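As the structure is a prediction and not an experimental result, all values here were calculated from the model. Just follow the structure's listing: the first ligand is 1, and inside any ligand the first atom is 1.
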Amino acid sequence: MKKAVKFALLALMLLSLAVAAVGCGGKEAPKEPAKETGKQDVAKTKLVVGADATFAPFEFTDPATGKYTGFDVELIQAICEEAGYELDFRSMGFDGLIAALQTNQIDAVISGMTITEDRKKIVNFSEPYYKSGLVVAVQEKNNQIKNFDELQGKKIAVQSGTTGALHAEKATSKDKITYFTSSDQAMLELKNGAVDAVVMDYPVTAYFIQQGNKDVKMVGEILSAEEYGIAVPKEKTETLEKINTALKTLKENGKYGEIYKKWFGEEPK
Ligand code: GLN
């Protein structure tokens, strides 16, 4: 009798353990594949990308179509395609882009943004995707300013929050500098003769002159060696990884070179 009770109890215990195991397995099982395959195949994850779309040839509005276009725009489109993101591209003032990243209004920035030590303290950058530098622009008829060193005491227009603005602050006193939200406005100020010079990214200045603004010229050497990168919030390490992997693939498979050649007429440097 005693033995029978013991046996019955043991059997019950084993049975309940087995039920628990099956129960657990049953509950856990569907979680795993959902995590693995993700939603990407069905609905793509959205990547909200901010840029100041007044920075031709990197990001600007195509006058013919009214759509955003440029080297950065096509590069981020290709990156999103490669990484499986749905791109949501938004234009905003350059000096508000980093704050928008920090407050998670946007997931990434591609905006001809130079990788600098100061910015790296608050955001992360992708691998560099473009080699750039700054240049001084003056009116074509100006024969006084021949290089960066001759800007002392001169009136300079810059775009707020840019490396060009930082360089202008080194060249002349702050009260001689006029700050604009967009690069076009700074250039217009120079054309109007309200300032003596503009300090801005070389490729953007060169493109502006090439687009028929022959009353403007570049003087002196290309200043600092700068590199553009895609910025993401510090905590979004997975996003950064995906962007870098996609960028690497595009560099290897020739797509990056194709976009570069389309916009700059030469092979990537
Ligand atoms: N490359 C410059 C910077 O990062 C300017 C960028 C821009 O005006 N879009 O400050």
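Donor-acceptor pairing under 3.5 Å is lacking for the side chains of Thr116 and Asp118.
Every protein residue with a heavy atom nearer than 4.0 Å to ligand 1 is included here: Phe55, Phe94, Ser111, Gly112, Met113, Thr114, Arg119, Gln159, Thr162, Thr163, Asp201, Tyr228.
Sorted by first and then second residue, the pairs that involve residues 47-59 and meet side-chain hydrogen bond (donor to acceptor under 3.5 Å, both in side chains), not counting sequence neighbours, are Asp52-Thr54, Asp52-Gln159. Within the structure, the salt bridge (charged side-chain N to carboxylate O under 4.0 Å, His left out) test picks out the following pairs touching residues 80-98 (sequence neighbours left out): Lys46-Asp88, Asp88-Arg90.
Summarising the geometry of Ser132 relative to Tyr228, their closest heavy-atom pair is OG-OH, 3.0 Å, with the distance given to 0.1 Å. For Ala157 against Ala186, the heavy-atom pair with the smallest separation is CB-O, 3.7 Å.
Counting side-chain heavy-atom gaps under 4.5 Å among Ile, Leu, Val, Met, Phe, Trp and Tyr, the cluster of Tyr179 also holds Leu134, Val136, Val138, Ile145, Phe148, Leu151, Ile156, Val158, Ile177, Val199, Val219, Leu223.
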